[in-house]
Colleague: 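There's a structure below that I have some questions on.
The sequence lines fix the lettering, A, B, ..., with proteins before strands; numbering per chain opens at 1.
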Amino acid sequence: MPEKFLKPYDSAAAEPLIYQKWAESGYFAPENLPNLPDGSPRTEPYTIIMPPPNANGSLHAGHAVFVTIEDLLIRYNRMKGKKTLWLPGADHAGFETQVVYEKKLEKEGRTRFGMDPGVLRNEILQFTMANKSFMEGQMRQLGASCDWNREKFTLEPDVIRTVYDTFKKLYADGLVYRGKRIVNWCSKHQTSLSNLETERVSRTDPFYYFKYGPFTIGTVRPETKFADKYVVMHPDDVRYAQYKEGDKIEIEWINGPITATVIKDEASDPEMGSGVMTITPWHSGVDFDIAKRHNLGLEQIIDERGKLLPVAGEFAGMSIKEARPLIVEKLKSKGLLEKIDEKYVHEVPVCYKCGREIEPQVKEQWFVKIKSLAEPVIKAIEAGEVTFYPEHYKKILLNWLTNIEDWNISRQIIWGIPIPVWYKGSDIFVGENPPAGGAGEGWGRDPDTFDTWFSSGQWPFATLGFPDSQDYKTFYPTQVMETGGDLIFFWVSRMLMLGLYRTGKLPFNTVYLHGMVVAKDGTKMSKSKGNVISPLEMSEKYGTDALRMGLIIGNTPGTPTALYDDKIKAYKHFANKIWNITRFVLENTQGVTPNPVYNFNAADTDLLAEFILVAKDVTADIENYRFYLAGEKLYQYVWHRLADTILEESKTLFKGADEAAIQSRKQFLLYVLRTSLVLLHPFMPFITEEIWSSIQSGSMLIVEPWPNL
RNA sequence: GCGCGGUUAGCUCAGUUGGUAGAGCAUCCCCUUGACGUGGGGAGGGUCAGAGGUUCGAGUCCUCUAUCGCGCACCA
């Protein structure tokens with residue numbers, strides 16, 4: 001028996017060496033995998049495109065979950081004899097990374113505003129690349145058996161080329177347009193945001209009722225009302241039947257007399273307040289739509305920094321917070337304040353990064369006519385072409401796709417893929433370079449970058465070298481997209497839409513969405529709460545195998561998973577158990593040569609049948625994405641059946657004199673140990689490979705065939 | 001407003017096509033000197049949120065109620 005089994009398993013020492021062995025074997029790459037047991041080459045592809053982690057920090061528990069689940073699937077399918085590719089990547093993560101970098105700048109007493117864009121871009125690139133290589137090391141530590149030679153970064157030239165081709169095609173097909181529309185504007189980050197990048201928070205604010213000529217209007221935002229010269233009511237509201245569309249009314253307002261125009265529109269809710277409202281089309285989506293329907297003028301009241309413009313008269317230059325009480329005071333002194341409802345509860349949109357209120361602004365930006373892309377995906381999903389784990393995400397996604405709004409893809413940040421568009425007066429040219437003649441002839445480039453999800457949405461085919469490469473032909477469409485449930489709209493939906501649009505095929509037919517990893521008390525892990533569990537620390541402390549089991553067992557798709565020290569510790573104990581089972585078996589089978597076709601006696605035949613049932617069950621569970629059950633069943637069998645019962649019985653048996661029974665049992669123990677290691681490998685790759693190297697010289701467990709049951 | 005979930009043992013959660021309620025942790029008792037104390041054996045503990053229905057049979061399917069939560073959405 002090898003000496004090492006006399007000491008406890010030392011995961012920290014063993015793991016890096018095992019990973020190195022795997023890497024050197026070349027088995028991470030599909031073309032290097034050995035032939036099938038019958039000698040034929042592998043043909044059936046199995047592909048997972050890794051969700052590229054944002055290269056702006058270190059790996060967190062969520063990353064560890066996806067690495068564990070995807071690595072499990074990959075190892076399983078590799079052992080099943082598939083031509084297996086797990087393609088890793090790293091994401092520049094546009095706005096996300098820029099926000100992280102801005103915080104770093106802030107700490108250094110600097111700011112991005114006023115910085116030379118080229119210099120800033122370069123700084124962030126260096127920051128990103130440093131994080132990228134750091135995180136790659138961490139993924140190796142977690143045992144990721146991905147093909148590093150095929151790794152992709154989202155800003156590589158061929159990825160950008162694919163993204164530009166898609167944009168050109170969308171433009172040619174009339175599915176992307178430049179429009180002057182209301183966008184979600186964050187006055188801190190100085191960029192527009194998609195609807196998904198805003199959140200809604202409940203606020204209690206005073207709701208003011210003001211006299212507006214003969215009417216009473218209500219508002220929580222008096223600071224937007226300076227230029228309000230349209231008064232809107234529902235066409236069927238009998239209270240205001242005497243007023244006709246287009247009537248002009250002279251009224252006294254904040255900064256003096258104005259002429260108001262009556263507008264009749266169904267957007268006005270007679271139940272709300274007095275049933276009359278004034279509109280501020282530049283700073284409200286509803287108002288903007290009304291203005292558009294009635295062809296009304298637009299005037300900006302609040303600037304991009306959230307300060308009042310000269311139209312506010314004496315309040316110009318003030319922030320909203322400063323100005324609001326002063327404006328109310330002034331209206332009150334003019335006798336125009338009717339009443340205040342102090343307890344008005346409403347929801348306001350805020351920037352998902354800084355929590356500042358979104359200030360809607362009218363901007364000229366690029367929008368995707370997303371309904372046209374959504375429709376074929378809706379049909380495909382309804383036809384059952386995509387399987388979701390958990391199943392109910394199908395309904396959630398369909399609901400979202402059905403109610404989808406045009407997608408704003410321009411961002412006013414530098415960290416991203418520049419939009420390939422040139423302007424000259426009212427002429428638009430779509431291309432990476434200006435039309436012949438060059439920028440010298442008055443063509444100016446669009447200063448914006450793409451929403452990072454616009455490019456990420458093309459990831460499955462962009463990474464594989466669409467449209468001509470051999471990899472694309474071999475590995476697309478991929479088998480499964482495994483990612484966090486929070487990315488269902490941001491990413492999964494866009495991959496489905498853009499993938500189908502560009503390649504004519506859905507990029508994957510199975511979507512597995514894991515739940516968020518939370519602290520033991522069920523709350524979100526956050527640095528400020530100090531309850532963050534670092535997967536890398538856990539891996540160092542208890543071993544990666546223990547961490548992986550802790551992340552798999554009890555983790556049903558779509559449900560938050562609690563991760564805590566004790567849980568991982570329990571699986572370190574399990575690793576120790578496996579180690580000691582091996583020790584017991586090796587001690588008691590010295591001199592016995594495993595015979596793969598041994599005829600067990602009746603008792604051991606029963607044990608074999610029982611084990612085969614477990615193995616079949618585990619296999620079916622993995623095939624059906626029930627990893628949490630598969631892991632638990634293996635744990636139960638190996639510990640509480642094999643170790644607690646079978647090994648204990650064997651002790652008595654071995655002390656007896658029934659040589660035939662002893663021989664049979666020894667053969668059985670060797671068989672069950674070896675096969676258990678195979679079954680456990682996708683879950684606990686390190687310790688199983690380490691043991692395998694001692695009992696089966698010259699072969700590696702990573703490519704050992706999965707038992708054919 | 002629209003949509004989606006949860007409610008099972010003290011705690012955290014499983015429960016796959018309907019077939020006598022499970023695990024881990026916690027609690028209590030006992031055992032064990034060599035595979036492993038990172039151990040072993042055992043015990044207590046649940047009218048599966050409530051009501052009704054379908055069924056030979058319901059934690060599982062249907063309806064309603066209660067309650068907690070989540071997502072999406074341009075409500076002045």
Colleague: Just the rounded figure in Å: distance from P of B:C75 to CD of A:E405.
Modeller: 11 Å
Colleague: Is there a Watson-Crick or G-U wobble partner for B:G71 with both distances under 3.5 Å, and if so, which one is it?
Modeller: B:C2
Colleague: Would you mind reading off the distance between A:E347 atom CD and B:A73 atom P, rounded to a whole angstrom?
Modeller: 12 Å
Colleague: Just the rounded figure in Å: distance from C1' of B:C13 to NZ of A:K567.
Modeller: 9 Å
Colleague: Applying a 4.0 Å non-hydrogen cut-off, can you work out what A:Y625 is touching in the nucleic acid: base, sugar-phosphate, or nothing?
Modeller: nothing
Colleague: For A:Y628, does its backbone N or O pair with a side-chain atom of A:K633 as donor and acceptor, under 3.5 Å?
Modeller: no
Colleague: Considering only atom P, compute the distance from B:C25 to B:G6 and round it to an integer number of Å.
Modeller: 27 Å
Colleague: Could you go over nucleotides 19-25 of chain B and give all protein N or O partners under 3.5 Å, atom names and distances?
Modeller:
from  : atom 1 : to     : atom 2 : distance (Å)
B:A23 : O2'    : A:E632 : OE2    : 3.3

Colleague: If I take atom CE in residue A:M233 and atom P in nucleotide B:C75, what distance separates them, rounded to the nearest angstrom?
Modeller: 22 Å
Colleague: Check whether the ring centres of A:Y635 and A:Y571 lie less than 6.0 Å apart, and answer yes or no.
Modeller: yes
Colleague: Would you kindly give the CG-to-P distance between A:N403 and B:C4, to the nearest whole Å?
Modeller: 11 Å
Colleague: How far does the P atom of B:A58 sit from the matching atom of B:C48, given to the nearest Å?
Modeller: 12 Å
Colleague: Rounded to whole Å, please give me the gap between CE in A:M277 and P in B:C74.
Modeller: 16 Å
Colleague: Using the P atoms only, state how far B:A26 lies from B:G18, rounded to an integer number of Å.
Modeller: 36 Å
Colleague: B:C13 and B:U63: how far apart are their P atoms, nearest whole angstrom?
Modeller: 27 Å
Colleague: More 5' along RNA chain B: A:L629 or A:D269, using each one's nearest nucleotide?
Modeller: A:L629
Colleague: Closer than 3.5 angstrom, by distance alone: can the side chain of A:K567 be matched with the main-chain N or O of A:A562 as a donor-acceptor pair?
Modeller: yes
Colleague: Could you tell me how far B:A14 sits from B:G71 if I compare only their C1' atoms? Round to whole Å.
Modeller: 25 Å
Colleague: Could you check which nucleotide pairs with B:U60 in any of the strands shown, counting Watson-Crick or G-U wobble with both distances under 3.5 Å?
Modeller: none
Colleague: Once you round it to whole Å, what is the distance between P of B:G15 and CZ of A:R626?
Modeller: 9 Å
Colleague: Would you give me the side-chain donor-acceptor pairs under 3.5 Å for residues 484-494 of chain A, sequence neighbours excluded?
Modeller:
from   : atom 1 : to     : atom 2 : distance (Å)
A:W491 : NE1    : A:S456 : O      : 2.9
A:S493 : OG     : A:F489 : O      : 2.4
A:R494 : NH1    : A:F490 : O      : 3.0

Colleague: Could you tell me the Watson-Crick or G-U partner of B:U54, where both distances fall under 3.5 Å? Say none if there is no partner.
Modeller: none
Colleague: Counting N and O atoms only, with roles assigned by atom type, does the side chain of A:Q300 sit under 3.5 Å from a partner on the main chain of A:I302, one being a donor and the other an acceptor?
Modeller: yes
Colleague: Distance check needed: B:C70 P versus A:M516 CE, whole Å only.
Modeller: 10 Å
